[in-house]
Structure formats: structure tokens, C-alpha cells
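Below is one structure, written out as C-alpha cells, with a few remarks after it.
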Amino acid sequence: MNYQITKDPIKIENVVQKVVQREAGAITTFIGTVRELTHGRRTLYLEYEAYESMALKKLEQIGKEIAEKWPDTKTAITHRIGRLEITDIAVVIAVSTPHRAESYEANRYAIERIKEIVPIWKKEHWEDGEEWVGNQLGTREYTDGKPGEEDLHD
Amino acid sequence: MNYQITKDPIKIENVVQKVVQREAGAITTFIGTVRELTHGRRTLYLEYEAYESMALKKLEQIGKEIAEKWPDTKTAITHRIGRLEITDIAVVIAVSTPHRAESYEANRYAIERIKEIVPIWKKEHWEDGEEWVGNQLGTREYTDGKPGEEDLHD
Amino acid sequence: MIKLLLFAQFRDQIGKQEMQFPIEGKTVKELKEILKESYSFDELDSVMVAINEEFVTDQEIIREGDIIALIPPVSGG
Amino acid sequence: MIKLLLFAQFRDQIGKQEMQFPIEGKTVKELKEILKESYSFDELDSVMVAINEEFVTDQEIIREGDIIALIPPVSGG
């Protein structure tokens, strides 16, 4: 149960608890919260939707990729769906590693991959409209239909 | 109260709560836990001690350094002292920024600086002895008596 | 028959979560063309397709019983 | 008189948290020499000194009322 999609508020401690190891001294978390202003436009609230069964598979895949790249790493990810208000937590990623440098790198890798391959979408609601947010990494096509690791970037 | 030295267990949510911003979508945390094995030697428990008033000043200084380097950043740090058991949380660093790349960088900066300039010490207790742990960044002298930012490294 | 799952803007546009199609034997590329013509789905170029919860290429051949999903650019996190 | 605060291995070695010294007017370097001779403090080369909660150099002159702290290599985090 290290990977979860939930409609309920996320408790950071619960996600962190899943990666605590006696052998690991460093845990990093990434906490994605709902921001009020994006490119100067005021968001009222967000709605997240997921293709749940596939999203879980993809989160697990990310965990496996991390374990291969950074041995002795443990990863846990919980993503919330449904309606979220400003400052609500949308996602918590926890990564534990024996050494801290790797923990930051592996955690960063996880959030970038989520934004690439996990079928979760958000709809922004503003005062004057609403819209499903497209690929925030910039518009581009996957020439073979699949996002690859080489697509990873800032 | 964004910077704290405490004898009590640290609640991650409390530290994160201090940096939540309506304008910031990314929060990273670093959670330092007590590791059982260090260089193959089994730790039974640790004792942390601080020069509290100065440690608080230095934590605040780190927060200011971060705010200068990465604008619109909020930082909170809580360090526990006293006796800690394996897997107990020794430190929680929370950093919020508008964009995630900076959040990882700023957070990493905080933990490196803590290991440089904050007067907190740990004593490792093993089955066959105990010892105050020296500079884990490697033995070196500060030629002018002060650790500078240029001393930052992995 | 195959089942086509719709999410986000596609679900909003069609007004339902899933559709049924008799398109066994066709490729994903052919499915996309059908969708463009019959349902005026735009932006299909930036859309990924998953069959049975795995991303596939346009060349993939659709089989009886497959569960297909249109995956518009994701925006989780 | 100035107050000298001891932490970690120095507190363990001397068995107390603080000491008093009549060393106004001397430099931090001179204080370190006194400590080496009179209390057989080793490893003072890798030790930083803080006066009134700020790190100072060996050249700093100690003033009446200063609170001095020996800061052995830190190991927080």
C-alpha cells in the first residue's frame, strides 16, 4: 500500500511512516499544494480526476524505477483526487535513502515522472471559467506514443 | 517560531504548516532519522545536545540566507535534542517555494548549512562505547575560525 | 467489442465515462481517425492511448476485449 | 571575568557546563593556548569559538562580560 489514490485529505505522517527504515537516515518529502495564482490568474479551486487503476500501476512503476536507480531506497506516494481548495495537499511523495543527496534526487525524479506518465488530470476553476490543465511541461507530442525517461526535464 | 529546538517528538505536519503559502505550490521536507548502522557499526541510541540560544540564531540565519538566494521562499526548521532511539526524527526542514526545483535546492542548502554552522552535537552510543561525533563532512580546519558558504559541499 | 474509457476534457465533451466500439483488428491510429471524424475530437495528436492500462503506440492492433483509454496530457502532482 | 561555555566532549572532559576566566584583553588564540596548557584540551585546532553567540576568529579580542563558547565540530541534522 505504498501507492494510493484517495479522496480524503492526505496525512503527511502516514506517507512518511511507510518509508521509515532502520538503515536509512534521510527521508525527503515533496508536498504539492493548490496554489492560488498561476500565471497571474486566480484559482478558486481545483478538481483532480484519475484513471485510478492505471494511475496506481504507474505510481508503482515509478517506485520500481527509483529502486533500480538508487538502491536501498523506499518510496511512497499518495495522490488526492476530487475537489481541492487553495493550500490543500494534492500529492505527497516520501523517499527514504541511506544518504541524503540521493533522497533529494530520487524524490525529484518521482515528481517529474508523475507529471509525465501518471493518468491524473486537474481542472482549474476560476471566477470566469474552468479548464482541464494540459501538459504543464510544455506542449509536445510523444512520437512513439509513449513518454520515455529521456523526456524528463525541469 | 519557524525555528525550534525541542526535547519532544517532532510532528512533521506542524513544521510543514508553518510554510504553507497560498502563492506556493511546492513544499519539500527533509526528515533526518536515527540510523541503526553507520559504517557497519550498530548504534543503540543517540544523544543530541545544543547551545540552544545560538543554535536558534543560526537556524534563523539559514532561513535568511535561503530567502535571499531563493525569493518568495518560506523555511521552518525544528531540531530535537536529548535521547533519540533508532528511527526517531532528529530534524525536520520544511521549505515552500512557488516552483518545485527551487524547493529541493533550498531544502538541500538548509541541511548542508545545519551541518556546518549550527551548534548541535550528537553522541553515539554503541554496545561497546560512546563518542561525540565530529564533523561528518570530513575533518578540516576553518582557517579564519568561521565556516563560510564556500565550505558547502556534499 | 472494445470498451473506450474517457477522462477529463473527453469525458466532459462526450458526457459519458465510456463508449463501446466494434473496432477489433484495427490499429490505434485508425481508432483515432474514427474518433476525429465521428466525434470531432480535436487535439488527438497530443493524446496518448493506453490499452489494458499500458501506454501503446499508434501501430498497436486492438483486440477483442481490450479496454482502451484516451490519456490527454496529464497534470497530476 | 568572562564566562566560558562547554559543550559535548569538552563538557564531558571537564565535568561542568561553564567556567569563569579573568582573560579580558586577551585574544581568542591566547585563550586557546591557556586552555591547552591548563586543562589539556586537545583538538582545539578544529574547534570554533563563539563570542556572544557569533563565530569569531582567533584574532578577536575578548572583552569583560563576554560569553565565550567552544564549538567543537557540529553534528546536527
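Quick note on labels: first sequence line is chain A, next is B, and so on, each numbered from 1.
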Would you please classify the geometry between the B:Y104 ring and the A:Y104 ring as parallel, tilted or perpendicular, with 30° and 60° separating the classes?
perpendicular
Specify which of B:E13, B:H99, B:K11, B:E36 makes the most heavy-atom pairs with chain A at under 4.5 Å.
B:E13
Of all the heavy-atom pairs spanning B:R35 and A:P98, show the shortest one and how long it is.
NH1-O, 2.7 Å
Residue-level interface, residues 44-56 of chain B with chain A, non-hydrogen cut-off under 4.5 Å:
none
With a 4.5 angstrom heavy-atom cut-off, which part of B:A26 approaches chain A: side chain, backbone, both or neither?
both
With chain B, which of A:T43, A:V20, A:I111 has the greatest number of heavy-atom pairs at distances under 4.5 Å?
A:I111
Taking 4.5 Å as the heavy-atom cut-off, does anything in residues 83-97 of chain B contact chain A, and if so which residues?
B:I86, B:T87
What distance do A:R108 atom CZ and B:R108 atom CZ have between them, rounded to the nearest 0.5 Å?
12.5 Å
Quickly, which of B:T29, B:T33, B:I31 forms a side chain to side chain contact (heavy atoms under 4.5 Å, CB included) with A:V16? Name it, please.
B:I31
When the 4.5 angstrom heavy-atom criterion is applied to B:E23 and chain A, the contacting part is backbone
Side-chain contact, heavy-atom cut-off 4.5 Å: B:R42 with A:R22?
no
Looking at B:E60, I want to see if its CD is surrounded by more than 12 non-hydrogen atoms of other residues, nucleotides or ligands under 6.0 Å.
yes
Could you look at B:Q21 and say if it's the side chain, the backbone, both or neither that has a heavy atom under 4.5 Å from chain A?
backbone
